[in-house]
Amino acid sequence: MKDAYGRTINYLRLSITDLCNLRCQYCMPIEGIQKIAHEDILTLEELDEIVYAFAKLGITKVRITGGEPLARKGIVTLIEKIKRHQGIKDLALTTNGILLDTMAQTLKDAGLNRVNISLDSLDDKKYTMMTRGGKLKDVLKGIEKARKVGLTPIKLNVVLIGGFNDNEVERFVRLTQEEAIDVRFIELMPIGEVAKWSKHHFLSNEYILKVVPELVKSNALEENSPALYYQLPGAKGRVGLISPISCKFCGTCNRVRLTSEGKLKHCLHSNEEFDLKAALREERSLTDFIQYAMLHKPFEHLIEEGSLTERNMIQVGG
Ligand code: SAM
Ligand code: SF4
């Protein structure tokens, strides 16, 4: 499937819930978000039907996200269903890792290929503070279990936040020395609540290369990945820099998102949404509607000009 600019769209990020067992400060407002009525959330069957439509149009990669996807009942059944669609070659999940220790084996058995785990601090207290209550040891156990059952390659996602974890960069990078793990730093995006945050929290990923100058560009190319990869000499893992602000990757964007209430977002940073749930429930052609939406996908985000999405990340499906 191509958009109006000739970009091939083959990657769907599927949010299956806007609920979460954590409340990260940069993702969710302290008072929480307005609860979506149960009937407005896509059912497992609807999610599956939508994925099938995308698969028919050439989507080969699906990432399940949220909210916290492991907090949604029926996630294992959904994975089994999605795996049955021939075209889907890569099925991954982004999680905070809290429930992975207990769920990793079942997820693997259901057909999940791999996980990305979000972890913004290696310090107990700071982790609890940023997640408003999470326990670092639960995530570490989850990472260990994911590795053990083969939900690999594991990627750790670290949102770089000035005044919070900028002094932990070296520690995160060193994790890649002995472990075949990718640590990816993501620039903080001014989405929802974060748009009001003070400037000093927003750091360019160039900061990583300044703090760890021995990082060298990695030769291993990952098709359509927004990350630029680096490595410490002789390291088993890699360091990825995802820089949506300082070095935007819109020109090679291959992705589309679906919110848990069935709104198709052709761009994370745009407020334009297409109501796939309504199309599905009214028995209109999903494939026609998706193709129509793709023709409206903007060429690039305009964050630098102040054009921001009004939703919080937890509502979009990061
Ligand atoms: N709960 C899961 C998790 O935390 O991995 C999946 C959903 S979460 C919204 C997906 C990713 O979005 C996480 O890696 C999180 O750190 C990232 N994220 C949330 N808000 C962000 C922001 N304002 N800027 C950059 N990344 C953000
Ligand atoms: Fe929950 Fe993930 Fe958002 Fe944190 S980043 S509040 S874990 S959805």
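Whatever order the structure lists them in is the order used to number ligands and atoms, beginning at 1.
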Would you indicate which of Ala71, Gly67, Pro69, Cys20 comes nearest to atom 1 (N) of ligand 1 when only heavy atoms are counted? Gly67

Applying a heavy-atom cut-off of 4.0 Å, say which part of Val159 lies close to ligand 1: side chain, backbone, both or neither. side chain

Is the contact between Asp120 and ligand 1 made by the side chain, the backbone, both, or neither, using heavy atoms and a 4.0 Å cut-off? neither

Any N/O/S atom of Cys24 sitting less than 2.8 Å from atom 4 (Fe) of ligand 2, backbone or side chain? yes

Only one of Asp138, Thr131, Asn96 forms a side-chain hydrogen bond (donor to acceptor under 3.5 Å, both in side chains) with Asn21, so which one is it? Asn96

For the residue pair His85 and Tyr52, does the interplanar ring angle fall in the parallel (under 30°), tilted (30 to 60°) or perpendicular (over 60°) class? parallel

With no hydrogens and no angle check, is any side-chain donor or acceptor of Arg184 less than 3.5 Å from a backbone partner on Leu156? no

So, does Tyr207 use its side chain to make a donor-acceptor pair with the main chain of Asp166 at under 3.5 Å? yes

Subset of ligand 1 atoms that lie under 4.0 Å from at least one heavy atom of [X]:
{"X": "Glu187", "result": "25 (C)"}
{"X": "Thr94", "result": "2 (C), 5 (O), 6 (C)"}
{"X": "Tyr26", "result": "15 (C), 16 (O), 18 (N), 19 (C), 20 (N), 21 (C), 23 (N), 27 (C)"}
{"X": "Glu68", "result": "1 (N), 2 (C)"}
{"X": "Gly66", "result": "7 (C), 9 (C)"}
{"X": "Thr95", "result": "2 (C), 3 (C), 5 (O)"}
{"X": "Thr65", "result": "6 (C), 7 (C)"}

Salt bridge [X]-[Y], side-chain N to carboxylate O under 4.0 Å:
{"X": "Glu261", "Y": "Arg281", "answer": "no"}
{"X": "Glu273", "Y": "Lys265", "answer": "yes"}
{"X": "Glu144", "Y": "Lys148", "answer": "no"}

Non-hydrogen atoms of Gly66 versus ligand 2: any pair closer than 4.0 Å? no

Taking backbone and side chain together, does Cys27 place any N/O/S atom at a distance below 2.8 Å from atom 1 (Fe) of ligand 2? no

In terms of atom number and element, which parts of ligand 2 are under 4.0 angstrom from non-hydrogen atoms of Asn96? 7 (S)

Which residues pass the side-chain contact (heavy atoms from CB on, under 4.5 Å) test with Asp90, sequence neighbours left out? Lys61, Asn113, Arg114

Identified side chain to side chain contact (heavy atoms under 4.5 Å, CB included) partner of Ile88 from the options Thr60, Leu12, Val51: Val51

